[in-house]
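Predicted model only: the values in this text are computed from it and were never measured. What you see below is based on every heavy atom in this structure, not just the backbone, and it leaves out hydrogens, waters and symmetry mates.
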Amino acid sequence: MAKLTYTRDELMASHDYARPHEQAGYRLHGGFLADGTYVSPRVLHRWPAVHAWQEALTAKGWPLIDATVQLLKRGNYPNIPQERFLLSHGMGQQLWNSLTITGVIEARGRALCDLVAPDFQQIIVEDISRTCTGHLHKGLLYAHGADEGGDPAEPEFGAHDAMWYAARDLCFGKDRYPLPEIPESIARPDTGRLMPQLPAGFEQLILLLMNVLMIEVRAESFFAFCCEIMRDPEAFPARRAEAAEAAAMVERIRTDEAIHVGYLQTTVSEMRSFTFKTVDGGTVKGTDLIDPIWQGMVHWHAVTQADFSREQTREAIRVGLEKAPNGATLFAEFDALDDLAKAA
């Protein structure tokens, strides 16, 4: 029988690395095995645990929810032809800003290290000691936060924030552009109580987990975009080798993020299978509680926020391009590339 219960120390354990992870002047988390394979931090037991919890859930007849880019209704904006066009006209600041903002937002994820998660067993009828949900407060949330913004216990190692800055510096050179304005949040805003059947603290954590899962799904689309443009032979011609190394850095972040999608997908899927105790002394099926909220969360991230972000980005690019003598023509050419992509 597969192991389904883990201690905090087990979930925080890392592999023995043959070589440390250092790049572009940054000392980073994770490391390389003797064969050169990059391995994420704190996954020696975390990945086996997540796989075991997933198998246990599906064996009971409960499928995993979709947590792939198939949920997204919009592609990356700007797309690859548009980004190539911008770079060819010396308009690298938009991508510089995106990489910088991503790093800053990743750093905020360190807050998960300080989150005191409630024990969901208090509001779930079934025994959850052998589930992913039952281990949220046993290191899973802390490990996630440490991956994103750095482990407070090991401040000498940079995490995803520093890895994004390293990728940016490899492509453009350090301090190529001024730091951009950082959005206050990329999560779905608070719209009031959505699960009044539950104590507020538990509802807040469930919504947080759903929000973060959809942010991770959106990130996968950005990973693919970054790797493609960084490896494009027409992009960064003066820094081709460095840009290729930046793509490798993004792939390492992508490797790290997979465990986040894995445990969050597992948790939300498990919650669908549970019976929740309500504040009025009754119970509610997990599917009735979780499904409508998850559907709304997916739509907000995949459509509402995607369209809003697109318009903001398009306007910033318009302002930048139209500073050139033939700016209006350049912007029309930029927009035409988007139209061609939609028609393809």
Side-chain angles (χ1 to χ4, degrees), residues 40 64-87 92 94-109 144 147-148 160-161 163-165 167-168 171 180 182-183 185-188 209-232 235 243-244 246-265 268 294-314 316-317 334 337-344:
S40 307
L64 295 173
I65 61 167
D66 185 10
T68 68
V69 292
Q70 297 303 313
L71 292 174
L72 305 180
K73 306 301 182 184
R74 309 286 189 266
N76 196 83
Y77 185 87
N79 60 29
I80 292 294
Q82 287 177 309
E83 191 62 62
R84 188 185 296 127
F85 176 84
L86 292 174
L87 291 172
Q94 185 276 328
L95 181 55
W96 163 281
N97 288 351
S98 293
L99 297 173
T100 302
I101 290 169
T102 301
V104 172
I105 290 173
E106 292 268 34
R108 293 175 181 170
H144 188 161
D147 291 348
E148 303 289 27
H160 289 170
D161 51 348
M163 292 169 79
W164 280 110
Y165 303 148
R168 176 200 66 192
C171 288
I182 309 300
S185 174
I186 60 171
R188 185 183 184 184
L209 297 175
M210 289 182 178
N211 251 320
V212 175
L213 177 53
M214 278 308 300
I215 290 171
E216 298 282 6
V217 172
R218 287 163 53 188
E220 172 56 33
S221 177
F222 188 56
F223 297 151
F225 169 82
C226 287
C227 289
E228 185 171 352
I229 195 64
M230 289 171 179
R231 290 176 173 140
D232 191 318
M249 179 66 72
V250 174
E251 293 283 18
R252 291 172 208 148
I253 300 171
R254 196 179 204 173
T255 297
D256 293 349
E257 296 287 10
I259 187 65
H260 303 163
V261 173
Y263 93 90
L264 290 168
Q265 176 192 34
V268 177
W294 174 241
Q295 290 165 11
M297 190 70 72
V298 169
H299 182 82
W300 188 86
H301 282 277
V303 178
T304 306
Q305 174 61 14
D307 288 347
F308 177 71
S309 177
R310 180 188 184 282
E311 287 308 309
Q312 283 192 313
T313 301
R314 182 175 179 273
I317 291 170
F334 171 83
L337 290 171
D338 187 32
D339 293 336
L340 289 173
K342 291 177 179 177

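In this structure, a donor-acceptor pair under 3.5 Å is absent between the side chains of H299 and Q295.
A pairwise comparison of heavy atoms in A247 and M230 identifies N-SD, 3.7 Å as the closest pair. Across all non-hydrogen atoms, the minimal contact from V303 to R74 is CG1-NH2, 3.6 Å. Nearest heavy-atom pair, L337 versus P81, reported as atom, atom and distance to 0.1 Å: CD1-O, 3.5 Å. Between A246 and A167 the shortest heavy-atom distance is CB-O, 3.5 Å. Nearest heavy atoms, R84 versus I229: N-CD1, 4.0 Å. In terms of heavy-atom proximity, G103 sits nearest to Y165 at C-OH, 3.4 Å.
Taking the side chain as every heavy atom from C-beta outward, E148 and I105 never approach each other to under 4.5 Å. The shortest distance between side-chain heavy atoms of E106 and T102 falls below 4.5 Å. A heavy-atom distance below 4.5 Å is not found between the side chains of E83 and N76. Annotation: side chain of D66 is not in contact with side chain of V298 (no heavy-atom distance under 4.5 Å). Between M214 and L71, the closest side-chain pair of non-hydrogen atoms falls below 4.5 Å. Contact check for I65 versus L213: side-chain heavy atoms found under the 4.5 Å cut-off. At least one side-chain heavy atom of L99 sits under 4.5 Å from a side-chain heavy atom of F222. Taking the side chain as every heavy atom from C-beta outward, Q265 and E216 never approach each other to under 4.5 Å.
Checked for salt-bridge contact, R254 and E251 meet the test: a charged N lies under 4.0 Å from a carboxylate O.
Here the rule is side-chain contact (heavy atoms from CB on, under 4.5 Å) with H144, and of L264, I259, L209 only L264 fits it.
Interatomic distance, CZ of R168 versus CD1 of I101, reported as 11.0 Å (0.5 Å rounding). Note that CG of L95 is 9.0 Å distant from CG of L86, once rounded to the nearest 0.5 Å. Taken to the nearest 0.5 Å, the CG atom of D338 stands 4.5 Å off from the CZ atom of R310. Atom CZ of F308 and atom CH2 of W300 lie 9.0 Å apart (nearest 0.5 Å). Taking CZ from R218 and CG from L72, the interatomic distance works out to 8.5 Å, rounded to the nearest 0.5 Å. Note that the OG1 atom of T100 and the CG atom of D161 stand 12.0 Å from one another [nearest 0.5 Å].
A distance-only check finds a donor-acceptor pair linking the side chain of Q82 to the backbone of N79 [under 3.5 Å]. Remark: the backbone N or O of Q94 is paired with a side-chain donor or acceptor of S98 at under 3.5 angstrom. In this structure, T313 contributes its side chain and S309 its backbone to a donor-acceptor pair below 3.5 Å.
Using the six-membered ring where Trp is involved, H160 and H260 have ring planes that are tilted, between 30° and 60° apart.
Other residues, nucleotides and ligands contribute only 12 or fewer heavy atoms inside 6.0 Å of the CD atom of E228.
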